[in-house]
Amino acid sequence: MLDVKFIKENPDLVKQGLLNKNAANVVDEVLKLDEERRALILKSDELKAKRNQVSSDIPKMKKAGQDTTVVFAEMKRVGDEIALLDNNLRKIEEELEEMLRNTPNLAHSTVPVGKSADENVEVRQWLPDGFSFKNDFEVLDHIELGKKLQILDFERGTKISGSGFPLYTGKGATLERALINFMLDFHLNHHGYSEILPPVLVNKESMKGTGQIPKMEEDMYLIEKDGLYPIPTSEVPITNIHRDEVLLEKELPIKYVGYSPCFRREAGSYGKESKGFLRVHQFNKVEMVKFSHPKNSYDELESMVVDAEDILKAMGIPYRIILLCTGDLSFSAAKCYDIETWSPAENKWLEASSCSNFENFQARRANIRYRREDDKKLDFVHTLNGSGLATSRLMVSLLENYQTPEGKIVVPKVLQKYTGFEIIG
RNA sequence: GGAAGAGUGGCAGAGUGGUUGAAUGCGGCGGUCUCGAAAACCGUUAUCCCGAAUUUCGGGAUCGGGGGUUCGAAUCCCUCCUCUUCCGCCA
């Protein structure tokens with residue numbers, strides 16, 4: 001959530017920022033509502049001050065045996081007027097809150113301005129030794145491989161739950177579990193994160209805190225009976241760990257890594273990308289979350305991207321880093337890098353990770369603060385998160401890149417101690 | 001799911017309608033004492049909002065959340081949430 005004070009002090013900057021993010025320009029309306037709000041507070045506070053004064057006088061009057069009926073009648077009127085003003089105030093504040101909650105975060109100054117994904121910028125690319133975009137043999141895609149090797153069963157997944165609910169079988173299930181364990185261990189042992197295993201159903205407050213609600217509500221599952229949301233990413237529960245808390249400056253940055261299944265309705269996105277793993281309703285993801293000091297959150301973002309890259313390097317999967325332009329940035333993000341892995345069968349890059357700095361946008365919504373050492377004041381932390389990584393897209397690249405001409409899968413070296421086998425097929 | 005009880009400042013814990021933002025203790029911070037430290041003593045110790053003013057001052061709000069009664073609510077009423085204990089059920 002943007003700060004009204006900041007909008008007030010930098011209206012033009014915010015207007016341009018919203019424009020860059022393809023968002024509605026609400027600046028003038030926000031400022032107007034804020035002005036109305038302050039005027040009402042001024043009047044209301046004045047009357048309350050009067051009421052407080054009189055209230056403290058009443059015991060004295062009673063003690064002195066004075067008649068209070070006139071004062072009571074007057075104060076009744078004052079009370080009614082206060083109630084009226086506060087009612088109006090609440091309406092204005094709700095309207096303002098609603099508007100701000102629906103207003104996206106602004107992009108950082110280092111983010112390229114652009115309308116859509118076409119204007120994203122490739123930052124770097126990494127390819128394993130001996131890698132070639134041309135294949136010596138006819139490659140199978142992950143669906144064909146999954147079927148042939150009996151490790152993925154999309155048809156039965158559909159029978160059990162519906163389309164987009166993958167079923168892993170045999171060595172496929174083992175490989176998936178190996179991936180998750182490998183990634184968790186890697187971040188724990190080499191990158192200094194501590195592990196979280198979060199609840200996968202969260203309440204509305206948590207969804208609001210990280211910004212999935214209200215803007216993305218249509219894409220979220222909801223268990224109406226209990227008012228709980230299956231999480232679209234463990235960013236939600238993990239970031240909300242410190243909702244309404246005050247952290248110590250010296251404990252920053254706090255770095256968590258956690259595995260969870262993720263649930264997304266993907267409403268309205270059925271199409272050619274919906275086959276196999278490319279777009280699913282349930283997938284597994286290892287997520288990194290950081291609570292950072294505002295002054296070095298951008299360094300933390302860079303190192304988080306490197307943390308995710310290390311996983312891909314260790315597994316020998318070709319990838320590239322994309323810096324998202326302003327128009328392609330998500331609602332809450334100020335800056336975001338996507339990591340895309342190569343799919344030889346699709347002959348294209350697939351988004352396997354997204355690492356974002358939200359600055360204090362989420363912290364403001366979720367009220368996550370830290371106390372400064374020098375002046376003892378409270379300030380909002382910066383929150384970041386990144387997939388490290390999503391197994392579904394990763395599995396596509398893994399299977400397709402590691403297939404042999406005979407249609408078998410070689411298990412990447414680093415995963416072998418987790419799988420207990422070296423080859424599938 | 002049923003019954004009973006409870007939710008107050010960083011923590012513990014008073015307060016049941018009128019200078020209560022809130023006693024007291026612990027903790028934290030500053031000081032006196034000391035070569036230094038401990039002890040002791042003195043002082044200080046929340047957050048948010050509004051308004052003025054170049055270190056600050058004034059006002060308002062907040063005692064789990066929301067609503068109500070009242071001139072006035074931490075205190076009374078309603079409702080929701082959470083926790084504890086007992087019963088039931090259960091991986």
Side-chain angles (χ1 to χ4, degrees), chain A residues 1-9 30-101 197 199-209 213 222-229 237 240-252 254 261 360-381:
Chain A
M1 195 153 67
L2 296 179
D3 183 9
V4 178
K5 273 199 198 113
F6 181 81
I7 298 177
K8 207 159 77 182
E9 283 158 20
V30 165
L31 294 182
K32 182 172 143 272
L33 283 172
D34 182 55
E35 213 167 293
E36 288 175 35
R37 176 181 147 263
R38 295 204 320 272
L40 284 170
I41 288 173
L42 207 60
K43 275 193 222 161
S44 173
D45 279 2
E46 221 169 88
L47 290 174
K48 281 174 187 164
K50 184 179 177 186
R51 180 174 69 183
N52 288 343
Q53 180 56 48
V54 173
S55 282
S56 72
D57 287 344
I58 282 173
K60 293 174 200 155
M61 292 177 72
K62 280 193 172 169
K63 217 171 244 176
Q66 293 175 25
D67 181 43
T68 54
T69 47
V70 176
V71 187
F72 278 11
E74 199 200 331
M75 283 305 108
K76 174 79 179 153
R77 277 200 306 277
V78 171
D80 290 346
E81 202 174 334
I82 290 172
L84 197 73
L85 288 169
D86 281 354
N87 243 329
N88 288 339
L89 180 62
R90 198 172 52 210
K91 275 185 210 148
I92 298 277
E93 282 182 334
E94 274 169 15
E95 208 176 322
L96 188 59
E97 167 103 2
E98 165 90 1
M99 193 167 286
L100 288 173
R101 281 203 177 273
L197 187 61
V200 297
L201 300 184
V202 300
N203 59 30
K204 193 166 191 169
E205 272 312 301
S206 295
M207 293 292 268
K208 281 186 184 173
I213 285 182
L222 168 61
I223 298 169
E224 276 187 47
K225 199 169 179 182
D226 300 289
L228 293 170
Y229 296 80
N240 275 282
I241 287 174
H242 295 300
R243 169 151 52 87
D244 292 321
E245 288 185 12
V246 175
L247 305 169
L248 300 175
E249 185 170 24
K250 63 173 182 240
E251 65 185 334
L252 300 177
I254 295 174
N360 66 22
F361 189 82
Q362 290 180 330
R364 208 175 270 288
R365 294 177 157 240
N367 193 30
I368 308 169
R369 298 176 293 176
Y370 72 98
R371 192 176 292 282
R372 287 200 292 250
E373 303 267 5
D374 52 358
D375 61 3
K376 308 292 178 205
K377 294 285 185 205
L378 294 172
D379 189 16
F380 292 105
V381 299

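Residue numbers begin at 1 in each chain, while the letters A, B, ... track the order of the sequences.
The shortest non-hydrogen separation linking Arg38(A) to Asp34(A) is NH1-OD2, 2.7 Å. Closest non-hydrogen pair, Asp67(A) versus Met61(A), comes out as O-CE, 3.8 Å. The shortest non-hydrogen separation linking Tyr370(A) to Val381(A) is CD2-CG1, 3.6 Å.
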Can you list the steps and then say if Lys48(A) with Asp86(A) is a side chain to side chain contact (heavy atoms under 4.5 Å, CB included)?
CA-CA 11 Å; Lys48(A) 281 174 187 164; Asp86(A) 281 354; 3.2 Å; yes
Start with the C-alpha distance between Arg243(A) and Asn367(A), add both sets of side-chain angles, then the distance that settles side chain to side chain contact (heavy atoms under 4.5 Å, CB included), and finish with yes or no.
CA-CA 6 Å; Arg243(A) 169 151 52 87; Asn367(A) 193 30; 5.7 Å; no
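With both ends at atom P, the span from A4(B) to C26(B) equals 39 Å, rounded to whole Å. With C1' as the reference atom, C90(B) and G5(B) are 25 Å apart, rounded to whole Å. For A61(B) and G72(B), the C1' atoms lie 16 Å apart once the distance is rounded to whole Å. Taking atom P in both G64(B) and C11(B), the straight-line distance is 13 Å, to the nearest Å. When the P atom is used for both C76(B) and G15(B), the distance is 12 Å, rounded to whole Å. Nucleotides U70(B) and G59(B), compared at atom C1', are 24 Å apart to the nearest Å. One P atom belongs to A91(B), the other to A12(B), and the distance between them is 36 Å to the nearest Å. C63(B) and G21(B): their P atoms are spaced 11 Å apart (whole Å).
Between Leu100(A) and Ile7(A), some side-chain heavy-atom pair lies under the 4.5 Å cut-off. At a threshold of 4.5 Å between non-hydrogen side-chain atoms, the residues Lys204(A) and Ile213(A) count as touching. Counting heavy atoms from C-beta on, the side chains of Lys8(A) and Leu31(A) come closer than 4.5 Å. Side-chain contact between Leu47(A) and Arg51(A): absent, with no pair of heavy atoms (C-beta onward) separated by less than 4.5 Å. Side-chain contact check for Glu245(A) versus Ile368(A): every heavy-atom pair is 4.5 Å or farther apart.
Heavy-atom distances under 4.0 Å link RNA chain B to Arg369(A), Arg371(A) of residues 362-371 of chain A, given in residue order. Contacts between residues 67-85 of chain A and RNA chain B, defined by a heavy-atom separation below 4.0 Å, involve Phe72(A), Met75(A), Lys76(A), listed by number.
To the nearest 0.5 Å, atom CD1 of residue Ile241(A) and atom CD1 of residue Ile254(A) are 9.0 Å apart. Here the straight-line distance linking atom CD of Glu98(A) with atom CD of Glu93(A) works out to 14.0 Å at 0.5 Å rounding. Interatomic distance, Glu94(A) CD to Leu89(A) CG, rounded to the nearest 0.5 Å: 10.0 Å.
A donor-acceptor distance shorter than 3.5 angstrom exists from the side chain of Arg371(A) to the backbone of Lys376(A), with no hydrogens or angles considered. For Arg365(A) (side chain) and Arg101(A) (main-chain N/O), a donor-acceptor pair under 3.5 Å exists by modelled atom type. Proximity of a side-chain donor or acceptor of Asn240(A) to a complementary backbone N or O of Ser206(A) within less than 3.5 Å is detected.
Following rounding to the nearest Å, Asp244(A) (CG) and U62(B) (P) show an atom-to-atom distance of 18 Å. Counting to the nearest Å, the P atom of C49(B) and the CG atom of Asp86(A) are 17 Å from each other. Atom P of nucleotide C80(B) and atom CG of Asp226(A) are separated by 16 Å, given to the nearest angstrom. To the nearest angstrom, P of G10(B) lies 13 Å from CG of Leu248(A). Between the CG atom of Leu378(A) and the P atom of G10(B) there is a distance of 10 Å, given to the nearest Å. Distance, Lys377(A) NZ to U47(B) P: 7 Å, rounded to whole Å.
Checking the phosphate oxygens (OP1, OP2) of C71(B), no side-chain nitrogen or oxygen of Arg51(A) falls inside 4.0 Å.
When the nearest nucleotides of RNA chain B are assigned to Ile58(A) and Lys8(A) by heavy-atom distance, the more 5′-ward of the two goes with Lys8(A).
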Could you list the protein-to-nucleotides 56-60 of chain B atom pairs, N/O on both sides, closer than 3.5 Å?
unit_1 : atom_1 : unit_2   : atom_2 : d
G59(B) : N2     : Asp45(A) : OD2    : 3.2
G60(B) : OP1    : Asn52(A) : ND2    : 3.0
G60(B) : O2'    : Asp45(A) : OD1    : 2.9

Please write out the pairs of protein N or O atoms and N or O atoms of nucleotides 64-68 of chain B separated by less than 3.5 Å, giving the distance to one decimal.
unit_1 : atom_1 : unit_2   : atom_2 : d
G67(B) : OP1    : Arg90(A) : NH1    : 2.9

Show the atom names and distances, to 0.1 Å, of all donor-acceptor pairs under 3.5 Å that link a side chain in residues 73-83 of chain A to residues at least two apart or in another chain.
unit_1   : atom_1 : unit_2   : atom_2 : d
Glu74(A) : OE2    : Lys50(A) : NZ     : 3.2

Dot-bracket for RNA chain B, 5' to 3', with Watson-Crick and G-U pairs under 3.5 Å, [ ] for crossing pairs and | for other-strand pairs: what is it?
((((((((.[[[..)..(.....]]]((((((.......))))))(((((((...))))))).[[[[[..)....]]]]])))))))....
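Of the candidate nucleotides C50(B), G18(B), C48(B), G18(B) has the atom nearest to the side chain of Ser55(A). Of the candidate nucleotides G51(B), C49(B), G18(B), G51(B) has the atom nearest to the side chain of Leu42(A).
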